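First the structure, in the form of structure tokens, and then the observations on it.
Being a predicted model, the structure only gives us computed values, none of them experimental.
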Amino acid sequence: MPKTLIEPFRIKSIEPIRVTTRADREQLLAAAHLNVFLLHAEDVLIDWLTDSGTGAMSSRQWGAIMEGDESYAGARSFYRLEKVIQDITGMPHFVPTHQGRAAEKVLFSAVCKAGDVVPNNCHFDTTRGNLESMGVQALDLVAAVGLQPATLHPFKGNIDLERLEAVLRQDGARIPFGMLTVTNNTGGGQPVSMANIRACAALLKKHGKPFIMDVCRFAENAMFIKMREPGYENTSVKAIAQEMFSYADGATMSAKKDGMVNIGGFIVLRSDEWLDAVRSGLIMMEGFPTYGGMAGRDLEALAVGLEEGLDEDYLRYRLRTAEYLGERLDAAGVGFVKPTGGHAVYIDARTVLPDMPVAHYPAWALCNALYLEGGIRGVEIGSVMFGKRGDDGVETYHSMELVRLAFPRRMYTQSHFDYAAEVIAEVKQKAAHIRGVKITKQPKFLRHFTAQFDWA
Ligand code: F0G
């Protein structure tokens, strides 16, 4: 058997990438105030800012788009997608939204109130934001191993069941439901095992609490279970996904990930207890229940995308891509969160810039260096994103300095990954010349998106 795992698709439509020189990029980054979020995407060679909504759709999806029924109420496209979602999730109630954070907002507004506590392995930023803005505490209870970047473990997304039980005992009255995020994006795109999902569900049930999953990357999680959890080697990924959902009472999904579409999301619910409240909120915030925040054509593309996202050849190639880049980084002596997750590689900037003071934002500096050296755009997950400047001007820093390279689905080929590996190795070689940055202008919240910088 040949060793090379090929992209299990061929290219039918292409989008040219504009090649830039280092001199171009120096100018462009300066004009963007040394913040890659402020670059024009056209000036980026390899855009690994996010895997969300950035992937390539298949010819089947583009074909389905022409079938979109744009009726306001009762569109055919809604019923088609509903069938696909009911089949995968086993849940009767499907509520479409325009993306994941809208699903969160609609669900949380219907069932949470100020003073509540919602436990999760790790809340994604928008999940946390949606809860905290309602006065709800978003509690992260990922297992200790999930916080150790260099430690190998097959399921670093698992929730710490003992801590969950303690919280249920202590604060049960304030908990409207428990959550699990699969895969755990905040922790490195790490999967949750079926055993952990099952045990988490049982624990919540024992305490009379519903169990909601954040399932943006459920197909990648299911593939990890197939590859890593004894007993699932011969089970289809779809059957694994169905079993994952069988333990839950509901889910929120950003379809921009494993739904293989550029926009879309949904809520599913097993019981109709919350349905009226959810649908009332939906009508106010998103739209009529048979389209939510989506066009009929988007519903069609998602119906096809959900099935394609469960294709095992695709998933094997997908997970292998991240692992492959990890191997190349290992060879170059660049550290990263191990093992590689499903949708991204998280470089540990400290292994490239061990001596740079944290006040010069080493992960931000590395992010800029990747752009300057090779036109690659990643995202800093470090002290710019999670640090804060107090009113007294004193800065608090994050515990880790990471750069996330997140891979759009079915978009970049192996040569793009080889190129990126060479660029990263080159940056590591020249690390002594990488310059840190200082913030010259920043907003009070979510500063990484719009802050401006100068060289430190
Ligand atoms: N939950 C998780 C685990 C996510 O990763 C995201 C988005 C959302 C919810 C929100 O979904 O973007 O459709 O509103 N993650 C993207 C990222 C933005 O880059 O990781 P959305």
Side-chain angles (χ1 to χ4, degrees), residues 100-101 103-149 153 155-193 195-218 221 244 247-254 267 269 274 337 341 381 385-388 396 398-400 402 445-446:
R101 65 199 70 186
E104 293 157 8
K105 175 134 187 122
V106 168
L107 179 67
F108 300 163
S109 314
V111 297
C112 299
K113 59 178 189 315
D116 284 353
V117 180
V118 174
N120 199 335
N121 45 359
C122 289
H123 291 269
F124 179 67
D125 319 9
T126 58
T127 323
R128 172 176 297 282
N130 272 315
L131 289 168
E132 289 179 350
S133 69
M134 296 179 63
V136 178
Q137 189 191 344
L139 195 61
D140 286 351
L141 298 176
V142 69
V145 72
L147 299 172
Q148 299 159 5
H153 185 281
F155 293 105
K156 287 171 87 170
N158 283 355
I159 195 166
D160 183 331
L161 295 162
E162 277 177 29
R163 287 174 68 204
L164 177 61
E165 172 128 55
V167 170
L168 284 162
R169 285 229 174 93
Q170 214 173 350
D171 271 329
R174 296 164 64 205
I175 297 177
F177 53 83
M179 288 187 81
L180 267 184
T181 304
V182 297
T183 57
N184 183 21
N185 185 9
T186 311
Q190 300 292 328
V192 181
S193 71
N196 194 253
I197 296 174
R198 203 182 294 125
C200 176
L203 207 50
L204 289 166
K205 191 165 188 173
K206 187 171 114 190
H207 290 263
K209 305 295 176 191
F211 173 31
I212 304 297
M213 288 200 293
D214 174 340
V215 295
C216 305
R217 301 180 180 86
F218 75 96
N221 200 95
M244 286 163 56
Y247 301 117
D249 299 296
T252 55
M253 166 114 185
S254 166
I267 302 167
L269 292 169
W274 295 341
V337 175
I381 303 186
M385 186 181 274
F386 289 122
K388 259 200 180 110
T396 57
H398 189 51
S399 56
M400 286 199 277
L402 304 177
F445 298 105
L446 296 173

Got a second to check how far Asp249's CG is from Trp274's CH2, nearest 0.5 Å? 7.0 Å
Check whether any side-chain heavy atom of Val192 sits under 4.5 Å from a side-chain heavy atom of Ile159, and report yes or no. no
Is it the case that the side chain of Asn130 and the backbone of Thr126 share a donor-acceptor pair, with hydrogens and angles ignored and the cut-off at 3.5 Å? yes
On a heavy-atom basis, the closest approach of Met400 and Pro149 is SD-CG, 3.5 Å
Do Val111 and Phe177 have side chains that approach each other closer than 4.5 Å (heavy atoms only, starting at C-beta)? yes
Would you say the side-chain atoms of Arg128 pair up with the backbone N or O of Ala138, donor to acceptor, closer than 3.5 Å? yes
Rounded to the nearest 0.5 Å, what separates atom CD1 in Ile175 from atom SG in Cys112? 11.5 Å
Could you measure the distance from the CE atom of Met244 to the CZ atom of Phe218? Nearest 0.5 Å is fine. 7.5 Å
Between CG of Leu180 and CD1 of Ile212, what distance do you get to the nearest 0.5 Å? 11.0 Å
Among all residues two or more places apart in sequence or in another chain, which pass the salt bridge (charged side-chain N to carboxylate O under 4.0 Å, His left out) test with Glu162? none
If we ignore angles and hydrogens, is there a donor and acceptor under 3.5 Å between the side chains of Glu104 and Thr127? yes
Could you tell me which non-hydrogen atom of Phe108 sits nearest to which non-hydrogen atom of Met179, and how far apart they are? CZ-SD, 4.1 Å
Can you measure from CZ (Phe124) to OG (Ser254) and round to the nearest 0.5 angstrom? 8.5 Å
Between Asn184 (side chain only) and Lys156 (backbone N and O only), is there a donor and an acceptor less than 3.5 Å apart? no
At their closest point, which heavy atom of Gly341 faces which heavy atom of Gln190, and how far apart are they? N-NE2, 4.0 Å
Around atom CD of Gln170, are there more than 12 heavy atoms from other residues, nucleotides or ligands closer than 6.0 Å? no
Extract all donor-acceptor atom pairs below 3.5 Å that involve side chains of residues 113-123 and protein atoms in other chains or at least two apart in sequence.
{"from": "Lys113", "atom 1": "NZ", "to": "Asp116", "atom 2": "OD1", "distance (Å)": "3.3"}
{"from": "Asp116", "atom 1": "OD2", "to": "Lys113", "atom 2": "N", "distance (Å)": "2.9"}
{"from": "Asn120", "atom 1": "OD1", "to": "Thr181", "atom 2": "N", "distance (Å)": "3.2"}
{"from": "Asn120", "atom 1": "OD1", "to": "Thr181", "atom 2": "OG1", "distance (Å)": "3.0"}
{"from": "Asn120", "atom 1": "ND2", "to": "His123", "atom 2": "ND1", "distance (Å)": "3.4"}
{"from": "Asn120", "atom 1": "ND2", "to": "Thr181", "atom 2": "OG1", "distance (Å)": "3.2"}
{"from": "Asn121", "atom 1": "OD1", "to": "Thr181", "atom 2": "N", "distance (Å)": "2.9"}
{"from": "Asn121", "atom 1": "ND2", "to": "Gly157", "atom 2": "O", "distance (Å)": "3.0"}
{"from": "Asn121", "atom 1": "ND2", "to": "Thr181", "atom 2": "O", "distance (Å)": "2.9"}
{"from": "His123", "atom 1": "NE2", "to": "Val118", "atom 2": "O", "distance (Å)": "2.9"}
{"from": "His123", "atom 1": "NE2", "to": "Leu139", "atom 2": "N", "distance (Å)": "3.4"}

Would you compute the distance between atom CG of Leu269 and atom OG1 of Thr252 and round it to the nearest 0.5 angstrom? 10.0 Å
Using atom types as modelled, flag every donor-acceptor pair under 3.5 Å from a side chain in residues 200-207 to any protein atom, sequence neighbours excluded.
{"from": "Lys206", "atom 1": "NZ", "to": "Glu165", "atom 2": "OE2", "distance (Å)": "3.0"}
{"from": "His207", "atom 1": "NE2", "to": "Glu165", "atom 2": "OE2", "distance (Å)": "3.4"}

